[in-house]
Amino acid sequence: MKPLHIYYKLLRHFGKQYWWPAETRFEVIIGAFLTQQTNWKNAEISIENLKHKNLLDPNSLSTSNRDQVEILIKKSGFYRQKAKRIIKFSQYLVNKYGGSLDKLFCGSKENIRKELLSLEGIGPETADSILLYAADKLSFPIDSYTIRVCERLGIRELQYKKLGEFFKNNIPRDLEIYKELHALIDMLGKNYCKKKPLCCRCPLINECIYPKK
DNA sequence: TCCCAGGCAGGGC
DNA sequence: GCCCTGCATGGG
């Protein structure tokens with residue numbers, strides 16, 4: 001079963017997800033930090049808290065008080081690390097690019113990715129999420145849901161890099177499809193593919209695993 | 001009570 | 001290179 005086939009099945013089943021839910025690209029990035037190993041709803045509350053304090057822009061966040069930020073983002077967990085990291089990211093953006101994401105995103109995808117990965121708190125998944133949803137670059141994020149769903153589908157290459165290549169080689173180079181497919185896989189994983197029990201109750205995924213001949 | 005949530009960094013080996 | 005652990009809160 002090809003990823004594109006799965007994409008259309010999921011799209012029919014769940015409808016469009018319209019990821020990433022955010023008003024600005026900067027908000028996408030901060031959300032990407034905050035949602036790490038955390039339920040999106042709690043990350044969203046933290047985002048709203050920052051927004052209400054007018055801290056959701058590079059200049060304000062870069063000069064904000066860390067104790068205050070820690071309190072505002074507490075609900076999304078790991079709040080000390082995350083407060084430090086989003087403030088540091090903002091400072092980096094302001095100091096190197098005058099706070100302009102256009103300037104940060106103006107180079108090649110590969111170079112932007114390397115630069116993002118060099119920053120504290122940005123690993124492969126967060127870098128690819130930022131590239132796809134904030135920079136509009138064709139980069140497919142592999143998160144725990146993606147790995148879980150691919151396990152169910154019997155896809156062997158489960159390491160981040162190989163799985164990324166797998167998607168890259170099997171879906172059209174289309175931003176809309178990249179964005180929606182990642183979101184749809186998360187929707188599927190979130191609802192139907194919990195780690196336990198191992199047997200999957202979702203008819204859709206079962207059909208993917210055992211396609212009709 | 002236990003497990004999990006849209007990971008990452010740092011250490012050991 | 002892979003594997004383990006700390007990071008922290010909230011919901012089911």
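Between A:Ser144 and B:dG7 there is a side-chain N or O to OP1 or OP2 distance below 4.0 Å. Between A:Gln159 and C:dC2, a side-chain N or O to OP1/OP2 separation shorter than 4.0 Å is present.
One can place NZ of A:Lys190 at 14 Å from P of C:dG12, the figure rounded to the nearest angstrom. Here B:dA5 presents its P atom at 13 Å from CG of A:Leu188, a figure rounded to the nearest Å. Straight-line distance from the NZ atom of A:Lys41 to the C1' atom of C:dG12: 11 Å, rounded to whole Å. Separating the CD atom of A:Gln37 from the P atom of B:dG7 is a distance of 5 Å, rounded to the nearest angstrom. Straight-line distance from the CG atom of A:Asn191 to the C1' atom of C:dG12: 13 Å, rounded to whole Å. Regarding A:Leu116, its CG atom lies at a distance of 14 Å from the C1' atom of B:dC8, rounded to whole Å. Rounded to whole Å, atom P of C:dG10 lies 14 Å from atom CG of A:Leu34. One can place OH of A:Tyr160 at 18 Å from C1' of C:dC2, the figure rounded to the nearest angstrom.
Across A:Ile73 and A:Ala83, no two heavy atoms sit closer than the pair CD1-N, 3.4 Å. Counting all heavy atoms, side chain and backbone alike, A:Ala127 lies closest to A:Leu117 at CB-CD2, 3.9 Å. The two residues A:Pro172 and A:Ile177 have their closest heavy-atom pair at CG-CD1, 3.9 Å.
For the segment residues 42-57 of chain A, the set of residues with a heavy atom within less than 4.0 Å of an atom of DNA chain C comprises A:Asn42, in numerical order. Taken residue by residue, residues 14-23 of chain A places heavy atoms nearer than 4.0 Å to DNA chain B at A:Trp19, A:Trp20. Sorted by residue number, the list of members of residues 123-138 of chain A with any non-hydrogen atom under 4.0 Å from DNA chain C is empty. Using a 4.0 Å cutoff on non-hydrogen atoms, the parts of residues 70-95 of chain A near DNA chain B are A:Gln81, A:Arg85, ordered by number.
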Would you tabulate the side-chain donor-acceptor contacts of residues 119-126 of chain A under 3.5 Å, counting partners in other chains and residues two or more places apart, or write 'none'?
from	atom 1	to	atom 2	distance (Å)
A:Glu120	OE1	A:Lys88	NZ	2.8
A:Glu120	OE2	A:Lys84	NZ	3.4
A:Thr126	OG1	A:Gln36	NE2	2.9

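More than 12 heavy atoms of other shown residues, nucleotides or ligands fall within 6.0 angstrom of atom NZ in A:Lys109. For A:Lys137, the NZ atom sits in a packed shell: over 12 heavy atoms of surrounding residues, nucleotides or ligands are nearer than 6.0 Å.
For the P atoms, the distance from B:dG10 to C:dA8 is 14 Å, rounded to whole Å.
Ion pairing of A:Asp102 with A:Arg25 is present here, as a side-chain N (NZ or NE/NH1/NH2) and a carboxylate O approach within less than 4.0 Å. For A:Lys16 and A:Glu176, the salt-bridge test passes: some basic side-chain N is under 4.0 Å from an acidic carboxylate O. Checked for salt-bridge contact, A:Asp136 and A:Lys179 meet the test: a charged N lies under 4.0 Å from a carboxylate O. Look at A:Lys162 and A:Glu165 and you find no salt bridge, because none of the NZ, NE, NH1 or NH2 atoms lies under 4.0 Å from a carboxylate O. A salt bridge does not link A:Lys82 with A:Glu70: none of the charged nitrogens is closer than 4.0 Å to a carboxylate oxygen. No salt bridge links A:Glu48 with A:Lys75; every basic N to acidic carboxylate O contact stays at or beyond 4.0 Å.
A ring-centre distance under 6.0 Å is found for A:Trp40 and A:Trp20.
For the pair A:Asn191 (side chain) and A:Met187 (backbone), a donor-acceptor distance under 3.5 Å is present.
Take the nearest nucleotide of DNA chain B for A:Gly121 and for A:Asp186: the residue whose nucleotide is more 5' is A:Asp186.
Distance check: A:Tyr7 OH to A:Ile171 CD1 gives 9.5 Å after rounding to the nearest 0.5 Å.
Residue A:Leu117 is classed as having no contact, given no heavy-atom separation below 4.0 Å to the nucleic acid.
Counting heavy atoms from C-beta outward, A:Thr24 and A:Leu56 have side chains that stay 4.5 Å or more apart. Side-chain contact check for A:Lys74 versus A:Arg80: every heavy-atom pair is 4.5 Å or farther apart.
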Reading DNA chain B 5' to 3', how would its secondary structure be written in dot-bracket notation, given Watson-Crick and G-U pairs with both distances under 3.5 Å, brackets [ ] for crossing pairs and | for partners on other strands? .||||.|||||||
